[in-house]
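Structure, as structure tokens:
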Amino acid sequence: MLDKDILTVLKTDLQISATAYDNYLSNLIELSRSAICREGIILEDTIEDGMLVEMYAAYLYRKRREETVAMPRSLRYALNNRLFSQKGSAE
């Protein structure tokens with residue numbers, strides 16, 4: 001999934017229609033990729049990984065807006081599943 005596609009989905013998720021935040025959101029997408037890779041996950045060019053990046057970017061956006069936002073369990077679950085899946089198939 002390309003970054004422009006992730007940006008489109010992210011804007012829909014956050015209910016943003018204007019282009020004023022595009023640079024900021026694009027940076028959040030890049031930051032999300034880095035944070036996911038730092039956890040040991042190797043991202044591929046799939047819809048599943050694209051949506052994982054989008055979910056993480058949406059979390060970062062909401063966390064910045066509101067101080068009490070915790071990482072959604074669904075996101076943590078998806079990250080753990082992706083990591084365990086990769087580690088299990090590496091044998």
Side-chain angles (χ1 to χ4, degrees):
M1 194 170 196
L2 300 174
D3 282 356
K4 69 179 182 82
D5 298 324
I6 296 171
L7 178 61
T8 301
V9 174
L10 178 60
K11 287 174 70 174
T12 302
D13 184 5
L14 299 173
Q15 299 178 352
I16 298 174
S17 58
T19 59
Y21 292 104
D22 283 4
N23 286 336
Y24 176 65
L25 295 175
S26 294
N27 285 332
L28 285 181
I29 290 169
E30 186 176 333
L31 178 62
S32 298
R33 285 187 189 280
S34 296
I36 291 169
C37 288
R38 208 173 316 115
E39 289 198 24
I41 297 170
I42 300 168
L43 294 171
E44 298 173 4
D45 190 22
T46 63
I47 292 175
E48 181 182 6
D49 285 353
M51 291 303 293
L52 187 60
V53 171
E54 186 279 330
M55 287 169 45
Y56 204 104
Y59 156 67
L60 291 175
Y61 180 85
R62 290 181 178 115
K63 182 179 175 186
R64 175 89 183 208
R65 295 287 231 194
E66 304 168 25
E67 294 179 20
T68 60
V69 173
M71 180 179 282
R73 280 200 271 167
S74 60
L75 176 55
R76 175 50 48 204
Y77 183 75
L79 290 167
N80 287 347
N81 279 345
R82 188 73 171 97
L83 181 62
F84 296 150
S85 172
Q86 284 182 346
K87 297 299 180 184
S89 65
E91 294 178 23

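Because the structure is a prediction, the values reported are computed rather than measured.
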Only counting residues at least two apart or in another chain, list the ones meeting salt bridge (Lys or Arg N to Asp or Glu O under 4.0 Å) with R62. D13
Separation between CG (L10) and CG (D5), nearest 0.5 Å, reads 12.5 Å
With sequence neighbours excluded, give me every side-chain hydrogen bond (donor to acceptor under 3.5 Å, both in side chains) pair touching residues 46-59. D49-R82
Could you check if a side-chain atom of M1 sits within less than 4.5 angstrom of a side-chain atom of V53, using non-hydrogen atoms only? no
In terms of hydrophobic clusters joined by side-chain contacts under 4.5 Å, are L25 and V69 together? yes
Point-to-point distance, once rounded to the nearest 0.5 Å, from NZ of K87 to CG of N80: 12.5 Å
Not counting sequence neighbours, list each pair that qualifies as a side-chain hydrogen bond (donor to acceptor under 3.5 Å, both in side chains) and has a residue in residues 14-23. K11-D22
Who are the salt bridge (Lys or Arg N to Asp or Glu O under 4.0 Å) partners of E39, not counting sequence neighbours? R76
For residues 29-38, please give each side-chain donor-acceptor pair under 3.5 Å, one per line with the distance, not counting sequence neighbours.
residue: S32; atom: OG; partner: L28; partner atom: O; Å: 2.7
residue: S32; atom: OG; partner: A57; partner atom: N; Å: 3.1
residue: R33; atom: NE; partner: D3; partner atom: OD1; Å: 3.2
residue: R33; atom: NH2; partner: D3; partner atom: OD1; Å: 2.7
residue: S34; atom: OG; partner: E30; partner atom: O; Å: 3.3

Set of side chain to side chain contact (heavy atoms under 4.5 Å, CB included) partners for I47, sequence neighbours left out: M51
Does a sphere of radius 6.0 Å around CD1 in I16 hold more than 12 heavy atoms from other residues, nucleotides or ligands, not counting ones at 6.0 Å or beyond? yes
Output for pair (D45 CG, L2 CG), nearest 0.5 Å, gives 6.0 Å
Identify the two heavy atoms, one from A78 and one from M55, that lie closest to each other, and give their separation to 0.1 Å. CB-CE, 4.3 Å
